[in-house]
2 protein chains.
Amino acid sequence: MDTPVESTRERLLNIAEQRFGEAGYEGTSLRAITVAAAANIAAVNYHFGSKEALLRAAVARAAGPVNAERRRRLDQLEGSGQPAPEQLIRAFIEPGLDLVLRRGERGAIVARFIGRVAFDPSPRIRELYAAESEPIEKRYLTALQRALPHAAPTAVAFGFVNMLGLLALHQSQALSRAPGTEDPDDPSKLAENLVAFLVAAFDRGLRS
Amino acid sequence: MDTPVESTRERLLNIAEQRFGEAGYEGTSLRAITVAAAANIAAVNYHFGSKEALLRAAVARAAGPVNAERRRRLDQLEGSGQPAPEQLIRAFIEPGLDLVLRRGERGAIVARFIGRVAFDPSPRIRELYAAESEPIEKRYLTALQRALPHAAPTAVAFGFVNMLGLLALHQSQALSRAPGTEDPDDPSKLAENLVAFLVAAFDRGLRS
DNA sequence: GCATAGTTCAAACGGACGTTTGAATGAGAG
DNA sequence: CTCTCATTCAAACGTCCGTTTGAACTATGC
């Protein structure tokens with residue numbers, strides 16, 4: 001293992017994304033986080049400044065690499081001609097769902113955290129996440145509208161909102177699944193199943 | 001108007017579903033609710049017993065009629081032979097989204113409230129909603145699996161989870177829509193657009 | 001050794017929370 | 001009018017919240 005020691009700052013971020021993903025921002029107290037992280041409660045304000053700043057730092061650390069990978073893949077797709085809708089959908093979905101499969105590691109916890117923050121009940125929290133992800137989302141939306149010239153732009157935007165929602169849904173369920181509604185068979189196929197579901201809906205389910 | 005007077009109990013329920021839908025259960029204090037409802041804070045515990053009991057009562061009042069209509073329509077469909085997937089999807093979706101359109105009335109507030117409670121960050125709250133809606137959901141899932149014999153039951157269950165998620169998404173956005181991602185044109189077409197989206201995904205997006 | 005900057009700590013801050021109390025108020029029945 | 005029971009009320013309960021304080025500790029450079 002190349003984790004020689006874990007700094008207080010890192011432990012706080014790790015526990016924060018675990019607990020915020022479990023019970024939400026409002027439902028998680030700083031005391032619960034600091035106790036689990038074996039840190040003093042004052043450490044949060046020392047390292048981050050406030051509870052919300054801790055959340056902001058956790059969001060940036062969790063969503064940053066995912067969105068970076070999305071940028072990388074979109075750059076690559078746009079570098080070689082007009083991408084197909086399926087390619088765009090896959091390039092957006094997969095970086096977010098690959099996390100879900102890393103159950104032994106931090107991945108599934110990160111996925112749940114992202115999924116819950118993205119659709120938190122509080123508009124304040126949602127905006128905090130949107131600030132992190134909106135630029136790359138907008139790029140994908142534009143690309144999808146170009147890739148689906150026969151559908152009205154508003155219709156594609158409707159589908160795009162659905163894609164964001166379903167991705168967050170399956171991310172937030174990374175560590176818990178209601179019985180009887182498991183993913184089809186092999187959980188590693190989740191991304192493929194979701195892409196297939198969305199591609200069908202985009203290709204044939206959008207009225208102009 | 002046939003609202004001669006509004007009892008304290010009714011005012012509390014009305015404000016509760018408005019505020020819980022705005023900021024979530026944890027993010028809304030009883031004091032905020034009682035002030036807005038022009039009621040004393042002790043009225044909540046007098047009429048309901050606790051904050052959670054108030055939420056439970058609000059969920060029952062909001063979701064009850066929606067699920068009743070779903071039962072009615074499923075009974076009717078099953079009374080006349082094998083229903084098509086589209087009929088089932090429509091019968092499930094429309095009762096939940098009709099609320100969204102009643103912007104002048106309480107409908108949109110109820111829709112947002114339901115959508116937020118169904119996917120609240122706290123498992124406790126989600127279970128509280130599930131207890132209300134799981135029976136009818138299970139009936140629809142079974143009916144859908146029968147209506148899609150060529151798809152694996154787990155695949156249909158996957159699609160069903162997506163349907164629940166997207167419905168809750170659009171319900172929760174009943175009173176707020178991110179700019180640039182409006183519903184296609186006529187908002188009254190939301191149900192039709194969502195049904196078309198889901199039908200396409202169910203018919204062609206589920207791998208067996 | 002000593003000074004310095006970075007980090008951790010126990011303790012307390014004021015405020016907001018859900019809940020409870022017991023008296024005051026109201027309407028309806030006898 | 002009087003009794004009764006449901007409802008409302010101001011006030012306080014104890015607890016937990018995010019945040020702040022100032023001292024104690026740790027390590028590094030001189």
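Protein chains get the first letters and strands the later ones, always in sequence-line order, with residue 1 at the start of each.
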At 4.0 Å (heavy atoms only), tell me whether A:Ala42 reaches a base, stays on the sugar-phosphate, or touches nothing.
base

Under-4.0 Å side-chain N/O to phosphate OP1/OP2 contact, B:Ser50 with C:dG18:
no

Between CG of B:Asn40 and C1' of C:dT20 the distance, given in whole Å, is 12 Å

Test item: side-chain donor near acceptor, A:Asn14 and A:Arg61, under 3.5 Å
yes

From the options D:dT19, C:dT7, C:dT19, select the nucleotide whose nearest atom is closest to the side chain of B:Arg31.
C:dT19

Is the centre of the B:His170 ring less than 6.0 Å from the centre of the A:Phe158 ring?
yes

Over how many whole Å does the gap from A:Glu52 atom CD to D:dT19 atom C1' extend?
14 Å

Report yes if a side-chain nitrogen or oxygen of B:Ser29 is closer than 4.0 Å to either non-bridging phosphate oxygen (OP1 or OP2) of C:dA16; otherwise report no.
no

Determine the contact category for A:Thr34: base if any of its heavy atoms lies under 4.0 Å from a base atom, sugar-phosphate if only primed atoms, P, OP1 or OP2 are that close, otherwise nothing.
nothing

Rounded distance in Å - CZ (A:Arg19) to P (D:dC17):
12 Å

What is the distance, rounded to the nearest whole Å, between atom OH of B:Tyr46 and atom C1' of D:dA10?
17 Å

Among C:dT19, D:dT19, D:dA6, which nucleotide has an atom closest to any side-chain atom of A:Asn45?
D:dT19

Length of the line joining B:Phe48:CZ and C:dT20:C1', which is rounded to integer Å
18 Å

Measuring from B:Leu13:CG to B:Leu54:CG, what's the distance to the nearest 0.5 Å?
6.0 Å

To the nearest angstrom, how far is A:Arg9 atom CZ from C:dT7 atom P?
10 Å

Please verify the inter-ring angle class for A:Tyr140 with A:Phe92; under 30° counts as parallel, over 60° as perpendicular, anything in between as tilted.
perpendicular

Mapping A:Leu30 and B:Thr8 onto DNA chain D by nearest heavy atom, which one lands closer to the 5' end?
B:Thr8

Proximity to the side chain of A:His47 - top-ranked nucleotide from C:dT8, D:dA11, C:dC17
C:dT8

Integer-rounded Å distance: D:dT19 P and A:Leu54 CG
10 Å

Rounded to the nearest 0.5 Å, what separates atom CD in B:Glu26 from atom OG1 in A:Thr28?
8.5 Å

Rounded distance in Å - CD1 (A:Ile41) to C1' (C:dT7)
17 Å

Within the 4.5 Å heavy-atom criterion, are B:Phe48 and B:Leu55 side-chain neighbours or not?
no

Matching residue for A:Asn67 among A:Arg71, A:Arg70, A:Glu69 - test: side-chain hydrogen bond (donor to acceptor under 3.5 Å, both in side chains):
A:Arg70

DNA chain C: stems of at least 3 consecutive Watson-Crick or G-U pairs, cut-off 3.5 Å?
C:1-30 with D:1-30

